[in-house]
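Notes follow the structure.
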Amino acid sequence: MPEIRLPNGDCLKVEDGSTVLDVAQKIGAGLAKAALAGRIDGKLVDLRTPLNQNVTLEIVTSKDPQADDVVRHSAEHVMADAVKQLWPDVQIDVGRTDHSEKFQYDFKIDRAFTPEDLEKIEAKMKEILKSKAPFEREVVTREEAKKRLEEMGEHLKISRLADIPEGEDITLFKHGKFVDLCRGPHVQSTSQIGAVKLLDSSASYWRGDESNEMLQRIYGTAFGDKKALAEYLERIEEAKRRDHRRIGKELDLFSVSEEVGPGLILWHPKGALLRYLIEEFWRREHISGGYDLVFTPHVARAHLWETSGHSSFYKENMYSPMDVEEQPYLIKPMNCPFHIQIYNSKLRSYRDLPFRWAELGTVYRYERSGVLHGLLRVRGFTQDDAHLFVTPETLNEEITRVIQFMVHIYRAMGFTEYDIYLSTKPEKAVGSDEDWDRATEALRQALEKTELPFEIDPGEGVFYGPKIDIKVRDSLNRSWQCGTIQVDFNLPARFNLEYVDKDGNRRAPIMIHRALLGSMERFVGCLIEHYAGALPLWLSPVQAVVLPISDKQASYAKEVQDQLVAQGFRVEVDLRSEKLGYKIREAQVQKIPYMLVLGEREMAQREVSIRKRSGQQQSGISLEGLVKLFREEEEKKICER
RNA sequence: GCCACCCUAGCUCAGAUGGUAGAGCAACUGAUUCGUAAUCAGUAGGUCGCCGGUUCGACUCCGGCGGGUGGCUCCA
């Protein structure tokens, strides 16, 4: 008789063949009713999983962080069921529930689902939920599973059978008449899926490979109750309101012109000012952080890219060569070979190392039309790049230093939470396994030293080396790929980089490639969404607008503007003969941090009244007081929203 | 690039079944001088993304191209 250990420390003896659900029933009827899944030794399992050995078991109810995943996974089955009922010839592939609050399922069908189809499917799903069909689990042999799937005409699914490792139970899950090859976990019955909503449909390649046929994928979400769904939909609306493309237009920050070409950003004056402010901060911090700034050209002879390996390993992202006096030249997709040329311009000594060379380097990469997206994915962008040339002795120390510097910069920009990934050797790669191991190990050790939590992302490194990717979390808890740190033994070898060591021997330096913000384009897009356009004072293109109540205060208004401008602030004045409410609304829509209201009173006292974009008001502020207030807020870099 | 959808005034959007277009906001002009998110009136503004086809006639139907959106794949 297996012994089951419970979270409260209790031990429970159960009969052979008892399931997770049986245990829930034994502990309490109420708990059994609320049970959505189990967790055995930390791993999520289906309620119907038999307990054959001594384990630690936790019953997952709606309060569990993973509860929604179970609900969504169950909804996946319900959706596949609904689609099969509506289109009996459809073949199901697989579903997926990730942690993005969505589930999906792929279908082989010779049409694309329309929004009306989704409505029909959703209606059918709701019928199924009402039917309160219980989920049933059946363990079968491989042959039996194959036979059953063949009978159902699920040929795509049969190929998935081969993915199940030998020795693992092959389980079929059934609710109503619908049977699916699946591992679970599922809720007890469809009635526990409180709310479903289909979100979208699109095509996707079978097994994610673009040489395969396309399947139709439907995305949906599900929650235990309707309130949670409503909150989710509200979050989606909020994300739409913050869309940097929308805010970028509203605040007149940037645009893309069909005439110029897709993925090529035009920075309008206010957007350019925002970028300038970030860049100035970036340059100052780099100089004080031990970096040197460099500038390099936008094109180089094709030969340079052959030496670097880009011509073979990065070809699909590079634009066609141009002819310059019968020599082929290429537009740069990366800055590294140029910095390498600077390194190679003279003989280097170990005493000179490390070099830390930073450049806001504009690169051009061919991105397929379908992937372009606002400022986040473009064809021409400026990386906040740097290359460090270091000796093996200081490699780890330098990586640690880069990570710490990066965190410092992110904090200043208002980002305090990160997801960090260590990406290892990809399939297409240059260099020996030994170098790759050394480089990967260096990154890992540096990360461990900083005590920042990270995950391994296998096979996701760049062709010349492994990397650390840093994603910042925004105010909606979404994560954005920004920084990257890469260790590289390959380019130094390809370009024969060397330095003279203490003993007089020549050795190869190691390169660290790194970008913190990623690119100015992406980072500004990210900032806009993080702050919903309400940028902190130090980054606001317009920091304050002076609003005289009537024409009588016009000259005083200009005087206030002039004085603040003279103090280095970015201040506008609205002299139009509009009512105060109108001017405030406009400033509010423009997300200007401070509105300075001037009427008879203020003019007489030579003061201003302030209204923050938060709605907060304060009157009787002297100009000196205002300057002090602004300076302090700029210094803090923190934004009140 | 692939799949689906979309493209009407600067912006947001209306415009069954084919008969060459409208609203709100913005802009401009005038009046208003009004204390914390929209004062009133008037004016102007569109070869309905582009090219071709069908038709007596196309913003509406068909085809091609361009651009966009959501995915797939890829990525700073």
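In the text below, chain A, chain B and the rest are named by the order of the sequence lines, each starting its count at 1. Keep in mind it's a predicted model, so treat the numbers as computed, not measured.
Here A:F113 and A:W87 bring their ring centres to under 6.0 angstrom of each other. Centroid-to-centroid, the aromatic rings of A:Y421 and A:F454 stay 6.0 Å apart or farther. Between A:H339 and A:F389, the ring center distance fails the sub-6.0 Å criterion. Outside the 6.0 Å centre-distance limit, the rings of A:F103 and A:H73 are not counted as a close aromatic pair. A:Y594 has its ring centre less than 6.0 Å from the ring centre of A:F630. Aromatic pair A:W480/A:Y410: centroids not less than 6.0 angstrom apart. Between A:Y291 and A:F405, the ring centre distance stays below 6.0 Å.
Contact annotation for A:G370: base contact, defined as any heavy-atom pair under 4.0 Å involving a base atom. Among the protein residues, A:E602 comes within range of the nucleic acid bases, having at least one heavy atom under 4.0 Å from a base atom. Within 4.0 Å (heavy atoms only), A:T114 reaches no atom of the nucleic acid at all. Within the nucleic acid shown, A:E586 has no heavy atom closer than 4.0 Å to any nucleic acid atom. Within 4.0 Å of A:V256, counting heavy atoms only, lies no atom of the nucleic acid at all. Note on A:E250: nothing from the nucleic acid sits closer than 4.0 angstrom, heavy atoms only. Using a 4.0 Å heavy-atom criterion, one finds that A:K240 contacts no nucleic acid atom at all. Residue contacts shown for A:D551 include a base, since a base heavy atom lies under 4.0 Å away. Heavy atoms of A:R245 sit under 4.0 angstrom from primed sugar atoms or phosphate atoms, though from no base atom. Across all strands, A:R576 comes closer than 4.0 Å only to sugar-phosphate atoms, never to a base (heavy-atom distances). Note on A:G208: only backbone sugar-phosphate atoms sit closer than 4.0 angstrom, heavy atoms only; bases stay farther off. Among the heavy atoms of the strands, none lies under 4.0 Å from A:A515. Using a 4.0 Å heavy-atom distance criterion, A:F113 is classed as making no nucleic acid contact. Heavy atoms of A:K583 sit nowhere under 4.0 angstrom from any nucleic acid atom.
Distance noted for atom P between B:rU12 and B:rC65: 27 Å (whole Å). When the P atom is used for both B:rU8 and B:rU47, the distance is 13 Å, rounded to whole Å.
Contact between the side-chain N/O atoms of A:S369 and the OP1/OP2 oxygens of B:rG1 is found at a separation under 4.0 Å. Between A:K579 and B:rA37 there is no side-chain N or O to OP1 or OP2 distance below 4.0 Å. Within the structure, every side-chain polar atom (N or O) of A:H513 is placed at least 4.0 Å from both OP1 and OP2 of B:rA76. Here A:Y582 does not reach the OP1 or OP2 of B:rC40: none of its side-chain N or O atoms lies under 4.0 Å away.
Distance, A:E367 CD to B:rC72 C1': 15 Å, rounded to whole Å. Here the C1' atom of nucleotide B:rU36 and the CD1 atom of A:I584 are 3 Å apart, to the nearest Å. Whole-Å rounding puts the A:N317 CG to B:rC75 C1' distance at 8 Å. Straight-line distance from the CE atom of A:M318 to the C1' atom of B:rC75: 16 Å, rounded to whole Å.
Annotation: of the two residues near RNA chain B, A:E578 and A:P262, the 5′-most nearest-nucleotide partner is A:E578. Summary of the strand contacts: A:K102 and A:Q481 both lie near RNA chain B, and taking for each the nucleotide with the nearest heavy atom, the more 5' one is attributed to A:K102.
Between A:F381 and B:rA76, a base-stacking contact is recorded: ring centres under 5.5 Å apart, planes less than 30° from parallel.
The base of B:rC72 does not come close enough to the side chain of A:R217 for any donor and acceptor atom to sit less than 3.5 Å apart.
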**Study point:** Under the 3.5 Å Watson-Crick or G-U criterion, the dot-bracket string of RNA chain B, with | for inter-strand pairs
**Key:** (((((((..((((.....[..)))).(((((.......))))).....(((((..]....))))))))))))....
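Within the 4.5 Å cutoff, side-chain heavy atoms of A:L293 are placed close to those of A:W282.
Under the 6.0 Å distance and 45° angle rule, A:R275 counts as a cation-pi partner of A:W267.
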